[in-house]
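Reviewing the structure listed below.
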Amino acid sequence: MDAIQTQAVSFDVGGTLIEPCPSVGSIYAAVAADNGFPSLPSQQIDQQFREAWQRKEDFQYTEPAWLEVVVQSFHELLPREACESLFPKIYRRFTQADVWRVHDDVPATLDDLAGRGFRLALISNWDNRLRPLLNELKLASFFETVTISCEVGFTKPSSIPFEQTLKKLGLSPEAMVHVGDSRHEDINGAEAAGITGILIRRDHPPGTRCVATLSQLSSILVEDW
């Protein structure tokens, strides 16, 4: 991959920096077991969650929207009434650091980029649980600015979250790159704002504007001073 001159790097969060651990299905099943619904199959819940997530359109990251995902994840396992009872507990569970894993390459990469003078930002489709979670995971201090869809009223791939980040940083699009795991939300959204997008695919070999680990960023980003 050719070197890219830049002053700032923005990152997606879910799937890029962190992921649920051990899995969404395991966490849903554990909450259900703690509340009177034991031995639900976590793998089936995982599969139904993935299917629900793939079907989503114009997801607004509100509690009612998340409730529908939970209901679909427990399809044929629990009635809707049970899902509605469990939902507040499931929703709160994902505010806790112990159900999230920070990818191994994240701390060293952020340290390296910050040490080289890059300005760091986050641009995420998320809800109001993100800022406290970033503090719990000890990630918040790395980032100069955080742009969250629930606060700006637009979700990626809209260009607006990217444009607002540029405005906060006082930079032109050419001075920033964005790194994320979704070609649709991250790469298309960044490019709509005139920003170079870098796709991370941890299960794929690297390619043109695609990396397999965040540690590869250090070799392709050139400071633009």
Side-chain angles (χ1 to χ4, degrees), residues 1 4 6 8-21 23-25 46-62 65-66 68-69 72-73 94 99-106 109-110 113 120-131 133-134 137 139 142-143 145-166 173 176-217 220-221:
M1 186 185 295
I4 302 171
T6 190
V9 186
S10 63
F11 293 87
D12 170 53
V13 179
T16 301
L17 303 182
I18 66 176
E19 65 179 3
C21 181
S23 71
V24 170
D46 266 327
Q47 179 61 33
Q48 293 180 170
F49 172 82
R50 285 192 293 268
E51 292 170 355
W53 195 248
Q54 290 167 359
R55 287 193 301 267
K56 74 183 188 331
E57 293 183 8
D58 193 29
F59 192 77
Q60 293 302 307
Y61 296 83
T62 62
W66 277 118
E68 293 309 312
V69 171
Q72 293 171 47
S73 299
F94 283 88
V99 300
W100 293 96
R101 171 179 175 257
V102 178
H103 285 290
D104 293 340
D105 54 3
V106 170
T109 298
L110 297 180
L113 294 177
L120 304 181
L122 288 180
I123 304 174
S124 180
N125 288 349
W126 211 285
D127 50 58
N128 59 12
R129 295 173 292 178
L130 182 58
R131 289 186 187 275
L133 179 62
L134 292 171
L137 294 172
L139 292 176
F142 284 106
F143 300 101
T145 184
V146 176
T147 303
I148 309 173
S149 61
C150 71
E151 297 176 354
V152 301
F154 294 88
T155 58
K156 299 178 294 184
S158 167
S159 64
I160 291 176
F162 298 93
E163 291 164 353
Q164 291 206 0
T165 299
L166 289 172
M176 189 171 88
V177 300
H178 177 73
V179 183
D181 69 318
S182 170
R183 188 175 297 278
H184 175 61
E185 294 180 354
D186 293 300
I187 307 308
N188 291 351
E191 291 179 350
I195 297 166
T196 296
I198 298 176
L199 186 68
I200 179 165
R201 288 288 177 85
R202 297 181 183 278
D203 56 349
H204 286 72
T208 302
R209 292 193 179 170
C210 180
V211 295
T213 68
L214 291 182
S215 58
Q216 293 170 314
L217 291 176
I220 63 175
L221 296 178

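With sequence neighbours left out, the ring-ring contact (aromatic ring centres under 6.0 Å, His included) criterion links Trp100 to Phe94, Trp126. With sequence neighbours excluded, no residue forms a salt bridge (Lys or Arg N to Asp or Glu O under 4.0 Å) with Glu51. For Glu151, the salt bridge (Lys or Arg N to Asp or Glu O under 4.0 Å) partners at least two apart in sequence or on another chain are Arg131. In this structure, the side chain to side chain contact (heavy atoms under 4.5 Å, CB included) partners of Ile200, at least two apart in sequence or on a different chain, are Thr16, Val179, Asp181, Arg202, Val211, Leu214. Partners of Tyr61 according to the ring-ring contact (aromatic ring centres under 6.0 Å, His included) rule, which considers only residues two or more places apart in sequence or in another chain, are Phe59. In this structure, the salt bridge (Lys or Arg N to Asp or Glu O under 4.0 Å) partners of Glu19, at least two apart in sequence or on a different chain, are Arg101.
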- Task: Could you go through the side-chain contact (heavy atoms from CB on, under 4.5 Å) check for Phe11 and Leu110 one step at a time?
- Result: CA-CA 10 Å; Phe11 293 87; Leu110 297 180; 3.8 Å; yes
- Task: Give the C-alpha distance, both sets of side-chain angles, the deciding distance and a yes or no for side-chain contact (heavy atoms from CB on, under 4.5 Å) between Leu166 and Met176.
- Result: CA-CA 8 Å; Leu166 289 172; Met176 189 171 88; 4.0 Å; yes
- Output, in order, the C-alpha distance, side-chain angles, deciding distance and verdict of side-chain contact (heavy atoms from CB on, under 4.5 Å) for Thr165 and His178. CA-CA 11 Å; Thr165 299; His178 177 73; over 6 Å; no
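The minimum heavy-atom distance linking Thr6 with Val177 is given by the pair OG1-N, 3.7 Å. Ser149 and Thr155 get closest at one heavy-atom pair: CB-CG2, 3.6 Å. The two atoms that bring Ile123 and Ser10 nearest to each other are CD1-OG, 3.6 Å, heavy atoms only. The two residues Gln48 and Ser73 come nearest to each other via the heavy atoms NE2-O, 2.8 Å. A pairwise comparison of heavy atoms in Ala190 and Gly197 identifies CB-CA, 4.4 Å as the closest pair. Between Pro161 and Val152 the shortest heavy-atom distance is CG-CG2, 4.2 Å.
Between the CG atom in Asp186 and the CD1 atom in Ile198 there is a gap of 11.5 Å [rounded to 0.5 Å]. Within the model, atoms NE2 of His103 and SG of Cys21 stand 10.0 Å from one another, a figure rounded to the nearest 0.5 Å. Within the model, atoms OG of Ser159 and CD of Gln164 stand 10.0 Å from one another, a figure rounded to the nearest 0.5 Å. For the atom pair CG of Leu134 and CD1 of Ile148, the computed distance is 7.0 Å after rounding to the nearest 0.5 Å. To the nearest 0.5 Å, atom CG of residue Leu199 and atom SG of residue Cys210 are 4.5 Å apart.
With contacts defined as side-chain heavy-atom distances shorter than 4.5 Å, the pair Phe142/Val106 does not qualify. The shortest side-chain heavy-atom distance between Leu122 and Leu17 falls under the 4.5 Å cut-off. For the pair Val13 and Leu139, the minimum side-chain heavy-atom distance is 4.5 Å or more. By the 4.5 Å heavy-atom criterion applied to side chains, Glu163 and Phe154 are not counted as neighbours. A heavy-atom distance below 4.5 Å is found between the side chains of Leu130 and Ser124. Ile18 has its side chain within reach of Leu133: a pair of non-hydrogen atoms, C-beta onward, lies under 4.5 Å apart. Side-chain contact between Thr147 and Phe162 is absent, with no heavy atoms from C-beta onward closer than 4.5 Å. When side chains are defined from C-beta on, Val24 counts as touching Asp46, because their heavy atoms get closer than 4.5 Å.
Judged by distance alone, the side chain of Asn125 and the main-chain N or O of Lys156 form a donor-acceptor pair under 3.5 Å. The main-chain N or O of Ala65 is never found under 3.5 Å from a side-chain atom of Glu68 such that the two would form a donor-acceptor pair.
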